[in-house]
Structures are given as C-alpha cells and as structure tokens.
Asks: 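Below: one structure in structure tokens.
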Amino acid sequence: MSDTEKAMDTQNHIQNYEGRAHFNAPPPQMRIANPGALGLFSFASTTFILSLYNVGARGIAVPNVVVGMACFCGGLAQLLAGMWEFPRGNVFGATAFTSYGAFWMSYATILIPNSGILAAYDGHEDELGQALGIYLITWFVFTFLLMIGALRRNLSFVALLFFLCITFVLLAVGAWSGTVNLTKAGGGFGMLTAGIAYYCGLSELLVKGESWFVLPLGQIKQGRVD
C-alpha cells in the first residue's frame with residue numbers, strides 16, 4: 001500500500017470515529033426559563049374576571065365574555081406553562097398548570113353556544129345546576145389533593161390552593177341549591193384566590209440579584225421524612 005493510500009485510510013478511520021462519537025454524544029443541555037410567572041398570572045387574570053362576574057359586578061349576569069380568556073389565557077397559556085415545567089423536572093408545577101389549563105378550556109367549552117352543552121339542558125335548568133355542581137366539586141377534590149402536595153413547599157401556594165378549594169365548594173353548593181348568595185360568596189373567595197395567585201406570580205417574576213426587591217413565599221422548613 002502506497003503512502004498516499006495509507007494516509008487516505010487513516011483519514012477515513014478518523015472520520016468514522018468522529019462520526020460515531022458525534023452520534024453517541026449526549027444531547028446538548030437546554031436551559032428553559034421558569035414558566036411559573038406565566039402560569040400564575042394567566043390563572044389569576046382569568047379567575048379574577050370570572051369571579052367579578054360571579055359577584056355580579058357592574059350588573060353582569062352572563063359570564064360568556066370570559067370565554068376568550070378561558071381558552072387562550074387561563075387555558076392555552078397555562079397548558080404551555082405546564083408543558084415547560086416537565087423538562088425542568090417540576091412535577092408539581094407541571095401537574096397544576098396543565099390541569100388548570102385544561103379546566104379553563106373545558107369551562108370555556110361549556111359556555112360556547114355552538115358546543116351545544118348548555119342547549120342540551122333547555123327546559124332542565126335544575127338538572128344543569130346539578131351537573132355543574134358535580135363538575136365543580138370534582139375540581140375541588142383535585143385542588144384539595146394538590147394542596148396536600150404543596151404542604152412542604154411554601155405558605156403562599158398552600159394559601160392559594162386552600163382558598164381555591166373554598167371557592168370551588170361554594171360555587172358547587174351554589175349551583176346545586178340555586179342560591180345566588182353562595183355563588184357570590186364563591187366569587188368573593190375567587191377574587192381573593194386571584195390576588196394570592198398574582199402575588200405568587202410576581203414573586204416568581206422578581207429574580208434575586210436582578211430585581212430591586214423580591215417577595216417572600218413563606219418557605220416551609222423541610223423536616224426529615226423516613
């Protein structure tokens with residue numbers, strides 16, 4: 001074999017080795033920004049608007065204007081926030097944001113006239129109230145379980161989920177009983193829940209070292225669990 005052929009053979013071996021090394025190399029690390037502020041602000045804004053409608057603010061009785069917010073802000077934006085939490089390894093945030101995003105999308109679907117959901121209950125308004133009550137109490141159960149998962153995190157998220165539990169219970173009982181005052185009370189607690197969510201979202205947005213100040217979330221001392 002000539003010197004030229006030996007050099008070409010050596011070069012081919014080097015290229016094949018580099019190709020295999022590149023193929024077997026681990027994927028590059030991706031840095032995903034914290035989507036917590038997006039998810040919390042989206043949840044807070046949509047909850048705040050619907051809660052104002054529930055308390056009858058400005059004489060509003062038909063809540064359908066919230067449909068757009070429920071689809072794209074409370075729904076799509078939260079769903080995306082939840083998907084971004086998965087690669088960050090935050091199972092709690094991913095579960096919460098994705099689930100509540102789905103909640104708002106499902107709620108919007110109920111209110112969209114062309115969905116036919118409300119139309120199916122024409123002349124059966126009491127049955128509609130019972131069905132909505134079951135829908136809302138199911139989300140209370142989910143929220144309560146999520147609150148248990150938040151007990152070792154921080155006080156702000158525990159408070160957020162606690163008042164959201166109360167909101168769902170009041171709205172569910174209001175739908176079952178047809179009591180307007182209970183629905184208004186649910187709206188009041190919903191506004192309080194939205195306020196806490198705004199606080200938590202701002203706390204996530206204010207980064208230590210990059211902002212003039214930060215907001216404490218009330219970290220819970222981690223005890224040993226065997």
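Given the structure is predicted, the values throughout are model-derived calculations rather than measurements. As a basis for the values below, the full set of heavy atoms in this structure was taken, side chains included, without hydrogen atoms, waters or symmetry mates.
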Asks: Are any non-hydrogen side-chain atoms of R153 and I220 less than 4.5 angstrom apart?
Replies: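 In short, these two side chains do not touch, never coming nearer than 4.5 Å.
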
Asks: Rounded to the nearest 0.5 Å, how far does CD of Q219 lie from CZ of R152?
Replies: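 R152 CZ to Q219 CD: 12.0 Å, rounded to 0.5 Å.
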
Asks: Under 3.5 Å, is there a donor-acceptor pair between the side chain of S203 and the main chain of Y199?
Replies: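 Side chain of S203 to backbone of Y199: no pair is present.
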
Asks: Describe, in one word, how the ring planes of Y198 and F48 are oriented to each other, choosing from parallel (under 30°), tilted (30 to 60°) and perpendicular (over 60°).
Replies: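 Ring orientation, 0 to 90° scale: perpendicular.
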
Asks: SG/C71 to CG/L76 distance, rounded to the nearest 0.5 angstrom?
Replies: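 Spacing of SG (C71) from CG (L76) equals 9.5 Å.
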
Asks: Can you classify the ring geometry of F103 versus Y135 as parallel (below 30°), tilted (30 to 60°) or perpendicular (above 60°)?
Replies: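 Geometry flag for Y135 against F103: parallel rings.
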
Asks: Say whether, by atom type as modelled, one donor and one acceptor occur between the side chain of S42 and the main chain of G74 under 3.5 angstrom.
Replies: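 No; judged by distance alone, with no hydrogens or angles, the pair does not exist.
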
Asks: Does N54 reach the main-chain N or O of G188 with its side chain, forming a donor-acceptor pair under 3.5 Å?
Replies: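 Side chain of N54 to backbone of G188, a donor-acceptor pair under 3.5 Å: no, none is there.
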
Asks: Taking all atoms of both residues into account, what is the closest heavy-atom pair of P87 and I32, and its distance?
Replies: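 Closest approach of P87 to I32, heavy atoms only: CG-CD1, 3.3 Å.
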
Asks: Has the side chain of E85 got a donor or acceptor atom that lies under 3.5 Å from a matching backbone atom of G93?
Replies: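 Checking the backbone N and O of G93 against the side chain of E85, no donor-acceptor pair under 3.5 Å is found.
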
Asks: Closer than 3.5 angstrom, by distance alone: can the side chain of T46 be matched with the main-chain N or O of F43 as a donor-acceptor pair?
Replies: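 No, because the side chain of T46 does not come within donor-acceptor range (under 3.5 Å) of the backbone of F43.
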
Asks: In this structure, are over 12 heavy atoms from other groups packed under 6.0 Å from F144 atom CZ?
Replies: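 For F144, atom CZ is not crowded (no more than 12 foreign heavy atoms under 6.0 Å).
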
Asks: Just how far is it from atom CD of Q78 to atom CE of M105, taken to the nearest 0.5 Å?
Replies: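 Rounded to the nearest 0.5 Å, the CD-CE separation comes to 9.5 Å.
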
Asks: Any idea how F157 and F92 line up, ring-wise: parallel (<30°), tilted (30 to 60°), or perpendicular (>60°)?
Replies: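 Answer is perpendicular, since the angle exceeds 60°.
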
Asks: Looking only at heavy atoms, what is the nearest atom pair of L205 and F41, with distance?
Replies: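 Looking at all heavy atoms of both residues, the closest pair is CD2-CE1, 4.0 Å.
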
Asks: Would you find a donor on one side and an acceptor on the other, under 3.5 Å apart, between the side chain of W176 and the backbone of Q130?
Replies: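 Side chain of W176 to backbone of Q130, a donor-acceptor pair under 3.5 Å: yes, one is there.
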
Asks: Which heavy atom in I110 sits nearest to a heavy atom in I117, and how many Å separate them?
Replies: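 Where I110 meets I117 most closely, the heavy atoms are CA-CD1, 3.8 Å.
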
Asks: Write down the atom of V207, the atom of V214, and the distance for their closest heavy-atom approach.
Replies: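 That would be C-CG1, 4.2 Å.
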
Asks: Where do T143 and Y100 come nearest, in terms of heavy atoms and distance?
Replies: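 The answer is OG1-OH, 2.7 Å.
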
Asks: Closest approach of L160 and L40, non-hydrogen atoms and distance?
Replies: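 Closest pair (atom of L160, atom of L40, distance): CD2-CD2, 4.1 Å.
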
Asks: What distance separates L145 CG from C165 SG, expressed to the nearest 0.5 Å?
Replies: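 L145 atom CG to C165 atom SG measures 8.5 Å (nearest 0.5 Å).
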
Asks: Rounded to the nearest 0.5 Å, what separation is found between the CH2 atom of W84 and the CG atom of N34?
Replies: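 The CG atom of N34 is 12.0 Å from CH2 of W84, to the nearest 0.5 Å.
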
